Amino acid sequence: MDLTQTSDLWWKTAVIYCLDVETFADGNGDGCGDFVGLTQRIDHLNRLGVTCIWLMPFFPSPDRDDGYDIIDFNNVDPRLGTLGDFVEFIRTAHDRGMRVIADLVVNHTSDKHPWFEEARSSRESPKRDWYVWRDEPPPDAEKGVVFPDKEKSLWTRDDKTGQYYLHRFYKHQPDLNVANPQVRDEIAKTMGFWMELGLSGFRVDAVPFLIETTGQDDAAELPEPHDYLADLRAFLTRRNGEAILLGEVNLPYPDTMRFFGSSDGVGDELTMCFDFIGMQRMYLSLARRDAEPLASALQERPEPPRDAHWATFVRNHDELTLDKLSESQRQEVFDAFGPDPDMQLFGRGLRRRVPPMLGGDMQRIRQVYSLLFSLPGTPVLFYGEEIGMGENLEVEGRLAVRTPMQWTSGPDAGFSTADPSSFPGPLVEGDFGPQNVNVEGERRDPDSLLCWMRMLIERYRECPELAWGDYEILDAGHRAVLAHSCRLDGSTILVVHNLCDEPVDATLTLDGATELTELLRDGTVKVGTDGKVQLSLEPYDCRWLRATG
Ligand code: GLC
């Protein structure tokens with residue numbers, strides 16, 4: 001395939017890197033990360049091979065949900081810099097050939113947002129209808145609470161006006177009423193504003209909650225929620241033809257598919273949806289050392305519409321949710337990777353990063369990322385994954401994995417010149433702390449995780465078959481082996497992973513090739529005349545091979 005053809009749908013071969021400005025790098029020495037610091041460190045991302053940076057919320061916020069509680073959608077939180085600093089950062093990213101997207105958190109605002117303060121001031125307030133109110137909570141008000149450690153209901157009584165308001169998340173995050181045309185206009189204006197400043201789209205927070213209208217008295221009369229999502233996409237594309245919506249939709253596959261929209265199989269709602277199911281099944285496969293759970297997820301996973309794609313990840317900024325596994329499957333993953341109750345969160349997820357979960361076993365850690373970059377879908381990295389950072393369980397809840405980025409081995413991790421006590425949160429300690437895990441050291445060490453990650457990204461970018469091709473799960477004759485092929489325009493990549501801690505001889509059948517060339521190491525493998533390929537796999541082996549002949 002001609003690689004130039006892939007550039008219009010750039011996001012299909014992108015490498016997305018999620019970071020929080022607050023914890024990435026401090027440029028002004030006050031202890032808090034900021035846009036100046038991020039801009040100074042941007043070449044690290046460029047060298048790694050990142051093509052798109054996803055910024056977690058950087059808007060003015062009382063910071064009661066790490067910035068996901070916003071008081072002004074069209075500004076930069078002063079702790080992180082100014083709009084001018086933001087523009088300098090965007091310009092520098094573009095100069096390095098990287099696009100930037102940002103979180104669009106419009107399911108709710110902070111309760112300190114002037115809109116909510118006005119809305120709650122009286123039942124007659126012109127902004128009253130910008131939020132969702134009821135005289136009494138509905139009978140199922142307790143169902144679906146997202147943060148069960150803090151909240152018991154989705155509805156909270158506002159004393160002054162005696163009505164209940166809806167909040168899908170914390171009670172300090174009242175839900176906006178997106179059925180209100182003025183709210184829709186404000187959301188569009190915000191999207192337009194940031195695109196004008198250079199964003200190439202958004203990671204859309206909590207999409208199913210954003211568009212839902214259940215619980216609203218007049219839900220039946222409201223427009224179809226998916227039409228609204230299609231409207232958002234149309235607006236986005238009118239303003240910027242290359243912009244994307246990457247949606248957080250954690251639902252079973254058939255339900256998630258609805259969020260891609262259709263319009264005759266092209267896709268007219270979200271450009272990409274995270275593959276939450278594949279992620280969870282991967283961990284089950286790793287825990288069992290059995291390829292079946294992951295293989296079957298990939299087989300069940302529907303094809304997105306033509307101009308849409310799955311986004312894959314093995315870690316994100318939230319708890320590593322295992323909510324779509326059965327109770328006993330979830331327990332298997334807990335037992336393997338987070339047995340201590342303190343490592344678990346909300347009864348459904350883990351607040352750990354990959355390297356500690358895998359006991360620091362480099363072969364296994366490398367393999368997880370080989371899976372990430374070779375399985376079909378656009379890979380999304382969470383900052384620090386590229387160097388193998390761990391978590392700090394002393395830090396509360398989900399913040400355990402949002403510790404400052406580790407640049408050097410110094411006591412301040414090269415994050416800031418200020419005293420670590422003024423950092424947004426404590427650093428990681430111990431084996432995965434800055435002393436052992438940092439960018440500076442790994443850049444110089446060819447055997448480091450960072451160098452492995454760079455190679456994976458380089459190969460992934462060189463093999464558009466992985467992103468664009470038709471994939472097939474192959475039978476490798478051993479339950480611990482996951483094998484898949486990706487074919488595009490007559491060209492084939494074969495990928496084989498041995499998920500167990502023992503050597504395995506795998507036999508596969510591949511049509512139409514006489515030889516395979518190793519892509520992650522030197523060497524070739526002959527294909528028999530009957531199409532049979534014999535591979536001797538080391539424990540936790542990762543093999544990417546290109547078929548020739
Ligand atoms: C999403 C975010 C999460 C945040 C929540 C409320 O689920 O990923 O971090 O707390 O939305 O905005």
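Order of appearance sets the numbers: ligands from 1, and atoms from 1 within every ligand. Along the sequence shown, residues carry numbers from 1. The model shown is predicted, which means the values in this text are computed figures rather than measured ones.
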Exercise for the section: Mind checking whether Arg402 contacts ligand 1 via backbone (N, CA, C, O), side chain (CB onward), both or neither, at a 4.0 Å heavy-atom cut-off? Expected result: side chain
Problem - Which of the ligand 1 atoms, numbered from 1, are nearer than 4.0 Å to a heavy atom of Phe147 - result: 10 (O)
Fill in the blank from the handout: Looking only at protein heavy atoms, what sits closest to atom 2 (C) of ligand 1 is Asp205 OD1, 3.1 Å
Exercise for the section: Check the side chains of Thr321 and Gln280 for a donor-acceptor pair under 3.5 angstrom, ignoring hydrogens and angles. Expected result: no
Practice task
If the plane angle is over 60° it's perpendicular, under 30° parallel, otherwise tilted; pick one for Phe89 and Phe35.
Solution key: tilted
Problem - Residue part near ligand 1, for Phe209, under 4.0 Å between non-hydrogen atoms - result: neither
Practice task
Kindly state whether the ring of His167 and the ring of Tyr165 have centres lying under 6.0 angstrom apart.
Solution key: yes
Handout entry: Heavy-atom nearest neighbour in the protein, as seen from atom 10 (O) of ligand 1, with distance rounded to 0.1 Å
Key = Asp65 OD2, 2.6 Å
Exercise for the section: Could you list which atoms of ligand 1 come closer than 4.0 Å to a heavy atom of His108? Expected result: 6 (C), 12 (O)
Exercise for the section: Please determine if His317 has a nitrogen or oxygen closer than 3.5 Å to a nitrogen or oxygen of ligand 1. Expected result: yes
Exercise for the section: Give a yes/no verdict on whether any heavy atom in Arg398 is under 4.0 Å from an atom of ligand 1. Expected result: yes
Handout entry: Aromatic centroids of Phe169 and Tyr68 separated by under 6.0 Å
Key = no
Problem - Polar contact flag, side-chain donor to acceptor under 3.5 angstrom, Gln344-Arg330 - result: no
Practice task
Kindly compute the distance separating CE (Met191) from CZ (Phe235), expressed to the nearest 0.5 Å.
Solution key: 6.5 Å
Exercise for the section: Please work out whether the ring planes of Phe73 and His113 are parallel, tilted or perpendicular, with thresholds of 30° and 60°. Expected result: tilted
Handout entry: Pairwise side-chain contact, Thr109 with Leu176, heavy-atom cut-off 4.5 Å (strictly under)
Key = yes
Exercise for the section: Answer yes or no for Tyr170: is there a heavy-atom contact with ligand 1 below 4.0 Å? Expected result: no
Handout entry: Minimum-distance protein heavy atom relative to atom 7 (O) of ligand 1
Key = Glu248 OE2, 3.0 Å
Practice task
Please write down residue, atom name and distance for the protein heavy atom closest to atom 8 (O) of ligand 1.
Solution key: Asp318 OD2, 2.5 Å
Practice task
For atom 5 (C) of ligand 1, find the nearest protein heavy atom and state the residue, atom name and distance (0.1 Å precision).
Solution key: Phe169 CE2, 3.7 Å
Practice task
Taking the six-membered ring of Tyr383 (Phe, Tyr or Trp), confirm whether the NZ or CZ of Arg353 is under 6.0 Å from its centre and within 45° of its axis.
Solution key: yes
Practice task
Measure Arg203 to ligand 1 on non-hydrogen atoms and call it side chain, backbone, both or neither using the 4.0 Å cut-off.
Solution key: side chain
